[in-house]
Protein chains: 2
Amino acid sequence: MKHIAIVEDEEMVAAELSAMLQKEGYQVTCIEDFSRVTEEVLAILPDLLLLDINLPEKSGFVICREIKNRSSVPVLILTSRDQLKDEIAALELGADEFITKPYRKERLLLRIANVLKRYEGRNNMLEGPGFLLDRGTYTLFIDGTSVLLPKNQGRILETLLLDFGTVVPKEKLCEAVWGTSEFIDENALQVNLTRLKKTMTSLPMKIAITSERGVGYRLEEKP
Amino acid sequence: MKHIAIVEDEEMVAAELSAMLQKEGYQVTCIEDFSRVTEEVLAILPDLLLLDINLPEKSGFVICREIKNRSSVPVLILTSRDQLKDEIAALELGADEFITKPYRKERLLLRIANVLKRYEGRNNMLEGPGFLLDRGTYTLFIDGTSVLLPKNQGRILETLLLDFGTVVPKEKLCEAVWGTSEFIDENALQVNLTRLKKTMTSLPMKIAITSERGVGYRLEEKP
DNA sequence: AAAATCCTTACACGCACTGTAAGTGGTCTT
DNA sequence: AAGACCACTTACAGTGCGTGTAAGGATTTT
């Protein structure tokens, strides 16, 4: 069953939405602590977020960006203002849909189903500049094709990608690959890093791995 | 560069759209033979199709369904009628977006970018009941997780899925797995089929393989 | 120049996938 | 009912890819 989170400050509307979605067979959670929306959503990790723009504590736009920066939960923006400016802002922030109140029940349900369908299979995918990485099998989707990474290379890329742009210490990488290994053989890590770099150069990737002497490695956009 | 196909009978509108999209950096193809829209789209296989509803020869709805049945090209419906009924019909036919004329330039461009982004990585994916199959690596996405199929099992499932519901002769399966093999060892195929069945029973799949004595195999929904 | 760190390359081990082969069970024909 | 045919299962051995080890070269730091 798909899980939908609702962030809406008008209680009447929230209740109505909740009832409607539950009748459709969704599991629904209403978030009511508007000061901790982002944290709660990231904790719940729903299949979809229904997000109102006009909130008491913080703008829905800000929340949308925060969530999109730290996860890939699809977001459907709800708003009473029918302004193109809002829609542009929302979609540029990474929102997946935009619906104006008053909404028609059928339209809303269709849009929800549409977004959920689009996200099918994208559940445990990591998004990088110009590519996607499936965390289950370490399949790399890039430029219309797909490549299967060896497990170790996949785990390394995954770990670097989760901390994109910042230096990741070698111990963390070792832990990610071998699981809190006691005897961290830094040479083994080194070899696997070389291998990953090699497979990456054979692909049209926009990122590269750089090393920070004595500390660890970093993933960043190619110059 | 992303390739967009336009199907629009009002020449003025088509030219305007084409110019606008090209200025944005898309490759654009206008389809003008309205009696062969489906065939041309399937031949071109664009990254996105802009489809008008009111066409001289055939309804855009019909075209949308035909295309969706035979490919996974994303479709963005353009219409001058702003009727909820149309929108519901369109989305139920598998259309990915729905925009009413007169459109605002920014809104249209955003929606296009949005759909293209959603389809990232879904280029060579096959869609089955409740799952997706990547044709490059034979990664199976089901129920929020992903599993990597062995190459042979993947090829068999791929071939069966392309002819879902109909019987696939054993020769065709052999060809798909070993490539027009002269000495088709039907036993080898048999063993690989058994293996595929086994991995499928270990997954929450809604389909099953049945055998047609003396002919071949068929993929169908579980009873 | 020496030391430390990073990188490359080659080699051998192991595991998963594969085809072969032999044997079982079911189904159709006569 | 019996035999022929086809579908299925299982076990085994070969192969290839991914892996860690090890040794040596390259680059930066002291």
Side-chain angles (χ1 to χ4, degrees), chain A residues 136-140 146-160 167-203 208-220, chain B residues 136-140 146-160 167-203 208-220:
Chain A
T137 62
Y138 302 114
T139 301
L140 185 62
S146 51
V147 185
L148 184 68
L149 295 181
K151 247 181 285 296
N152 284 354
Q153 296 182 35
R155 283 206 257 258
I156 293 173
L157 180 58
E158 175 189 17
T159 313
L160 292 174
V167 183
V168 181
K170 284 182 281 190
E171 300 83 47
K172 191 169 178 182
L173 289 170
C174 284
E175 201 180 20
V177 175
W178 296 283
T180 184
S181 67
E182 295 280 309
F183 302 107
I184 29 175
D185 186 348
E186 303 217 340
N187 186 26
L189 175 65
Q190 178 54 55
V191 172
N192 281 289
L193 263 163
T194 299
R195 287 167 179 159
L196 174 59
K197 281 184 187 176
K198 195 168 157 194
T199 74
M200 278 173 67
T201 54
S202 75
L203 296 171
I209 298 174
T210 59
S211 63
E212 205 78 3
R213 194 179 177 84
V215 195
Y217 298 85
R218 180 196 322 168
L219 204 59
E220 57 187 22
Chain B
T137 62
Y138 303 115
T139 302
L140 184 62
S146 52
V147 185
L148 184 67
L149 295 181
K151 247 180 285 295
N152 285 352
Q153 297 181 34
R155 282 207 257 257
I156 293 174
L157 181 58
E158 175 189 18
T159 312
L160 292 174
V167 183
V168 180
K170 283 182 281 190
E171 299 84 46
K172 189 169 179 182
L173 289 171
C174 284
E175 200 181 22
V177 175
W178 294 284
T180 184
S181 68
E182 295 279 309
F183 302 107
I184 31 175
D185 186 348
E186 303 216 341
N187 185 27
L189 176 64
Q190 178 55 53
V191 172
N192 281 290
L193 264 163
T194 300
R195 286 169 179 155
L196 175 57
K197 283 185 187 175
K198 195 168 158 193
T199 74
M200 280 174 64
T201 54
S202 76
L203 296 170
I209 297 173
T210 59
S211 63
E212 205 78 3
R213 194 180 176 83
V215 194
Y217 297 86
R218 180 195 323 168
L219 205 59
E220 55 186 23

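Atom set for the values below is all heavy atoms of this structure, side chains included, hydrogens, waters and symmetry mates excluded. Labels below follow one simple rule: chain letters A, B, ... track the order of the sequence lines, proteins then strands, and each chain is numbered from 1.
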What integer distance in Å separates B:Asn192:CG from D:dT10:C1'?
-> 14 Å
Let me know the distance between CG of A:Leu189 and P of C:dC6, rounded to the nearest Å.
-> 10 Å
Value rounded to 0.5 Å, distance of OH in B:Tyr217 from CG in B:Leu196 | 11.5 Å
Distance from A:Asn152 atom CG to A:Leu173 atom CG, nearest 0.5 Å?
-> 11.5 Å
Choosing from D:dG18, D:dC8, C:dT20, which nucleotide comes nearest the side chain of A:Pro150?
-> D:dG18
Kindly compute the distance separating CG (A:Leu203) from CG (A:Leu149), expressed to the nearest 0.5 Å.
-> 7.5 Å
Short side-chain N/O contact from B:Ser211 to OP1 or OP2 of D:dC6, under 4.0 Å | no
Which whole-number value in Å describes the distance from B:Leu149 CG to C:dT18 P?
-> 10 Å
Under 4.0 Å between a side-chain N/O of A:Trp178 and OP1 or OP2 of D:dG20, yes or no?
-> yes
Is the shortest side-chain N/O distance from B:Thr194 to OP1 or OP2 of D:dC8 below 4.0 Å?
-> no
Taking only the side-chain nitrogens and oxygens of A:Lys151, find out if one of them lies under 4.0 Å from OP1 or OP2 of D:dC17.
-> no
Starting at atom CG of A:Leu196, determine the distance to atom P of D:dG18, rounded to an integer number of angstrom.
-> 13 Å
Could you give the CD-to-C1' distance, from B:Gln190 to C:dT18, as a whole number of Å?
-> 15 Å
Given D:dC8, is OP1 or OP2 found less than 4.0 Å from the side-chain N or O atoms of B:Tyr217?
-> yes
Interatomic distance where CG belongs to A:Leu148 and P belongs to D:dG16 [whole Å] = 19 Å
Using a 4.0 Å heavy-atom cut-off across all strands, classify A:Lys170 as base, sugar-phosphate, or nothing.
-> sugar-phosphate
Between A:Met200 (CE) and C:dC7 (P), how many Å, whole number?
-> 14 Å
Take B:Tyr138 and B:Gln153 through the test side-chain contact (heavy atoms from CB on, under 4.5 Å) and record every step on the way to the result.
-> CA-CA 8 Å; B:Tyr138 303 115; B:Gln153 297 181 34; over 6 Å; no
Could you pick out which residue, A:Lys198 or A:Glu212, lies toward the 5' side of DNA chain C when each is mapped onto its nearest nucleotide?
-> A:Glu212
Does the base of D:dC5 carry an N or O that pairs as donor and acceptor with the side chain of B:Arg213 under 3.5 Å?
-> yes
Identify, between A:Gln153 and A:Val191, the residue whose nearest nucleotide on DNA chain D lies closer to the 5' end.
-> A:Gln153
Nearest whole angstrom, please: distance from the P of C:dC17 to the CZ of B:Arg195.
-> 10 Å
How long is the gap from CG on A:Leu160 to CD1 on A:Ile209, to the nearest 0.5 Å?
-> 5.5 Å
For A:Asn152 and D:dG18, is the shortest distance between a side-chain N/O and OP1 or OP2 below 4.0 Å?
-> no
So, is B:Asn187 near the phosphate of C:dA22, with a side-chain N or O under 4.0 Å from OP1 or OP2?
-> no
